[in-house]
Amino acid sequence: MLNKKFLLGIILSMAVCFSACSNGNAEVTETSAESVTAAEVTTSAESEIQSAVEPISEPEHPAVDAEDVTEAAYDTGNPETGLVYFIQPVIEQYDEYDDRNLADWECRDTDVMRDYHYDGEWKYRKELIFVFSNYTDEPVTIDSIQIVRESDGALVSFADGSDTLDIDFTVQPLHKTDYLLKAGDFDYSACESGIYNAVVNVGLEGYGREFFIDNSELYEETFPSVFVSEAASDDWWGREYTGAAPTFLTEEQQKIFAEAHARMSEFFWWDSFLPENYAETHTADDFIGRFTDVFTEDYVRQLSQGMYINDDGTLRIFSGGGRGSNIFYCGHCFFPVSSDDEQVTFKATVIYCHSDNPYAVGFDEKNYHMVNTENGWRVDHFDLWN
C-alpha cells in the first residue's frame with residue numbers, strides 16, 4: 001500500500017500545478033470562529049484540517065468540498081476551535097511612528113489561552129505579524145502566503161519576484177505562534193497606501209485577513225486652530241476649535257477644510273446643540289450665514305434642515321444627546337482622487353478596531369468635495385471620520 005504522506009504530497013503537487021495555470025486573483029472573505037473540515041484526499045485514508053476562518057472564494061490551491069462556516073459573535077472573545085489566524089490592523093512605514101515601529105519584536109510561542117482578550121496586542125507595526133493559534137490536537141503547517149491588493153484584486157509580488165511566498169511554517173498542537181513577514185521578503189514601502197488581504201494557504205485551503213498599509217507622508221495631516229466669534233456677550237458661539245486637514249491640499253484649502261472639520265464636529269454631529277436663547281433671537285438665515293464662509297449655502301442648508309431648521313423655516317432648539325466618538329475608531333488615511341482649478345475630490349479610509357478584541361478589524365470609506373466659488377474655496381460634502 002502506498003504511504004499516506006506520499007499520496008498527499010502527489011495531490012498537493014497537482015493542486016499547485018493547476019493553480020499556476022490560473023490567474024491567481026482571489027476575493028478574500030471574513031474569518032469566523034467555527035470549525036471547518038477540509039477536503040478528503042485519499043484512496044483509503046482521510047486527512048482533516050479544522051479551521052475557524054472562511055476560505056477565500058478562489059484560493060490558489062482549489063478547495064474540495066469545503067464546508068461553510070459561521071461568524072463568531074463579538075463577545076465570544078478569541079475563537080477556540082480549529083486553526084485561528086489573525087494579523088494586526090495597520091502597517092505604518094513613515095517617520096512619525098518610527099520610535100514605536102522600530103521596537104524589538106520577539107516571536108511568541110505559547111500555549112493557547114481560552115476566554116482571553118489580548119489587550120495591547122499590536123505594538124510592533126513596521127512589518128506584518130501573523131498570529132496562528134492551533135486549537136487542534138495535531139500540528140498544522142502553513143504552506144505559503146499571498147498578499148492581495150483590494151483596490152483591483154491583484155496579487156502583489158514578493159522580493160523574489162513571485163506572487164506566493166513559501167514558508168512551510170508549522171504550529172504545534174494547542175499553541176499560539178507568531179510569524180513575521182519581514183521587509184526583506186516583502187517590500188511594504190513600495191506598496192501604495194490602502195487595504196490589502198493577507199492570504200495563508202494551508203493544504204488545499206486559503207484563508208484571508210484584511211490589513212492597511214500606510215506608507216506615505218503624502219497622507220499626513222495638519223491641525224490648524226480656528227476661532228468662531230460673535231459679540232462678546234455670546235459665549236456659546238465664540239470659542240476656539242482645532243480641525244484636521246490633509247497636507248496634499250493647498251494652504252487655503254487646508255484652512256477651509258480644517259474649519260469645516262471643526263464646525264461639523266461642533267454643530268452637525270450627535271452631541272451638537274442649539275441653545276434656546278439663540279433660537280429665539282435669530283432667524284434661520286442668521287444661522288446659515290454663520291457657516292457660508294466654510295460651506296456652500298446649499299450644503300449648510302442641507303445639513304441644518306430638520307436638525308436646526310423646522311419645516312416652516314424657523315430655528316428650533318436642538319440637542320443631539322452626546323453620543324461621543326466611536327470607541328472602535330483606530331485611525332484614518334486620506335487619499336486624493338481628483339483636482340483642478342474649480343474643484344477637489346478626495347476620500348479617507350477609516351480603520352476600526354478595539355483593544356478588547358484586536359482581532360475584529362473593519363474599514364469604512366468617507367468622501368469629501370470642495371468647490372472654488374467667487375468667494376474662495378468652500379466645502380459641499382464632508383463625512384466625519386470619528
Side-chain angles (χ1 to χ4, degrees), residues 221-231 234-246 249 252-326 329 332 334-339 342-350 364-386:
E221 296 174 41
T222 181
F223 299 91
S225 293
V226 294
F227 189 77
V228 181
S229 63
E230 195 184 40
D234 193 350
D235 294 334
W236 166 72
W237 192 274
R239 63 180 73 182
E240 188 174 14
Y241 307 94
T242 298
L249 298 178
E252 180 188 359
Q253 291 166 348
Q254 287 176 14
K255 182 177 182 299
I256 293 297
F257 188 82
E259 291 191 12
H261 178 213
R263 306 279 187 98
M264 288 291 296
S265 300
E266 182 70 13
F267 299 107
F268 298 103
W269 199 225
W270 293 105
D271 55 356
S272 305
F273 78 103
L274 186 68
E276 182 177 358
N277 65 329
Y278 186 91
E280 291 176 347
T281 56
H282 294 79
T283 66
D285 286 340
D286 292 335
F287 181 78
I288 295 298
R290 297 203 169 276
F291 297 91
T292 53
D293 59 334
V294 174
F295 302 106
T296 63
E297 182 174 344
D298 286 346
Y299 187 54
V300 73
R301 285 191 181 276
Q302 175 187 328
L303 292 170
S304 303
Q305 194 65 41
M307 186 175 187
Y308 291 113
I309 301 177
N310 295 311
D311 291 341
D312 62 3
T314 60
L315 279 179
R316 60 187 293 260
I317 302 169
F318 175 80
S319 177
R323 181 194 68 89
S325 60
N326 189 333
Y329 170 80
H332 67 273
F334 287 112
F335 296 91
V337 176
S338 65
S339 65
E342 301 301 322
Q343 61 84 39
V344 58
T345 303
F346 53 102
K347 64 181 180 179
T349 297
V350 185
D364 194 11
E365 186 171 282
K366 306 295 184 180
N367 296 290
Y368 310 93
H369 190 253
M370 301 177 69
V371 294
N372 197 1
T373 72
E374 60 182 10
N375 297 315
W377 287 93
R378 297 293 184 266
V379 174
D380 67 353
H381 187 87
F382 192 109
D383 292 332
L384 278 166
W385 51 87
N386 188 34

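If you read the sequence from its start, that first residue is 1, and numbering goes on from there. In this text, all values refer to a predicted model and were calculated from it rather than measured experimentally.
- Shown here for Ala258 and Ala245, the closest heavy-atom pair between the two residues is N-CB, 4.1 Å.
- Aromatic ring centres of Phe268 and Phe291 lie closer together than 6.0 Å.
- Distance alone, capped at 3.5 Å, is enough to place a donor-acceptor pair between the Ser304 side chain and the Val300 backbone.
- Using a 4.0 Å cut-off between charged nitrogen and carboxylate oxygen, Asp293 and Arg263 count as a salt-bridge pair.
- A distance-only check finds a donor-acceptor pair linking the side chain of Asp383 to the backbone of Asn367 [under 3.5 Å].
- Residues Gln254 and Leu249 approach most closely at NE2-O, 2.9 Å, considering heavy atoms.
- At distances below 3.5 Å, at least one donor-acceptor pair connects side-chain atoms of Tyr308 with backbone N or O atoms of Phe267.
- Of all heavy-atom pairs between Ile309 and Ala284, the closest is CD1-CB, 3.9 Å.
- In this structure the side chain of Gln305 reaches within 4.5 angstrom of the side chain of Asp311, judged on heavy atoms.
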- Determine, step by step, whether Ser339 and Met370 satisfy the side-chain contact (heavy atoms from CB on, under 4.5 Å) criterion, reporting the C-alpha distance in whole Å, the side-chain angles of both residues, the deciding distance to 0.1 Å, and the verdict. CA-CA 9 Å; Ser339 65; Met370 301 177 69; over 6 Å; no
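- Applying the ring pair (Phe, Tyr, Trp, His ring centres under 6.0 Å) test between Phe257 and each of Phe346, Phe223, Phe295 identifies Phe346 as the sole match.
- Looking at Tyr299, its side chain does come within 3.5 Å of a backbone N or O of Phe382 through a donor-acceptor pair.
- Using the six-membered ring where Trp is involved, Phe334 and His332 have ring planes that are perpendicular, over 60° apart on the 30 and 60° scheme.
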- Message: side-chain contact (heavy atoms from CB on, under 4.5 Å), that's the test. Do Lys255 and Val294 meet it? Break it down for me.
- Response: CA-CA 9 Å; Lys255 182 177 182 299; Val294 174; over 6 Å; no
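- The nearest pair of heavy atoms linking His369 to Asp380 is ND1-OD1, 2.7 Å.
- In this structure, His261 contributes its side chain and Ala244 its backbone to a donor-acceptor pair below 3.5 Å.
- Put simply, OG1 on Thr296 and CG on Asn375 are 11.5 Å apart, with the number rounded to the nearest 0.5 Å.
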- How far apart are the C-alpha atoms of Tyr368 and Val379, what are their side-chain angles, what is the distance that settles it, and do they pass the side-chain contact (heavy atoms from CB on, under 4.5 Å) test? CA-CA 8 Å; Tyr368 310 93; Val379 174; over 6 Å; no
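- Between Leu303 and Met264, the closest side-chain pair of non-hydrogen atoms falls below 4.5 Å.
- With sequence neighbours excluded, the residues forming a salt bridge (charged side-chain N to carboxylate O under 4.0 Å, His left out) with Glu365 are Lys347, listed by chain and number.
- No side-chain donor-acceptor contact under 3.5 Å links Asn310 to the backbone of Asp312.
- Between the CG atom in Asp364 and the CG atom in Asn386 there is a gap of 11.5 Å [rounded to 0.5 Å].
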- Task: In sequence, state the C-alpha distance, the side-chain angles, and the governing distance for Arg378 and Asn372, and then conclude on side-chain contact (heavy atoms from CB on, under 4.5 Å).
- Result: CA-CA 6 Å; Arg378 297 293 184 266; Asn372 197 1; over 6 Å; no
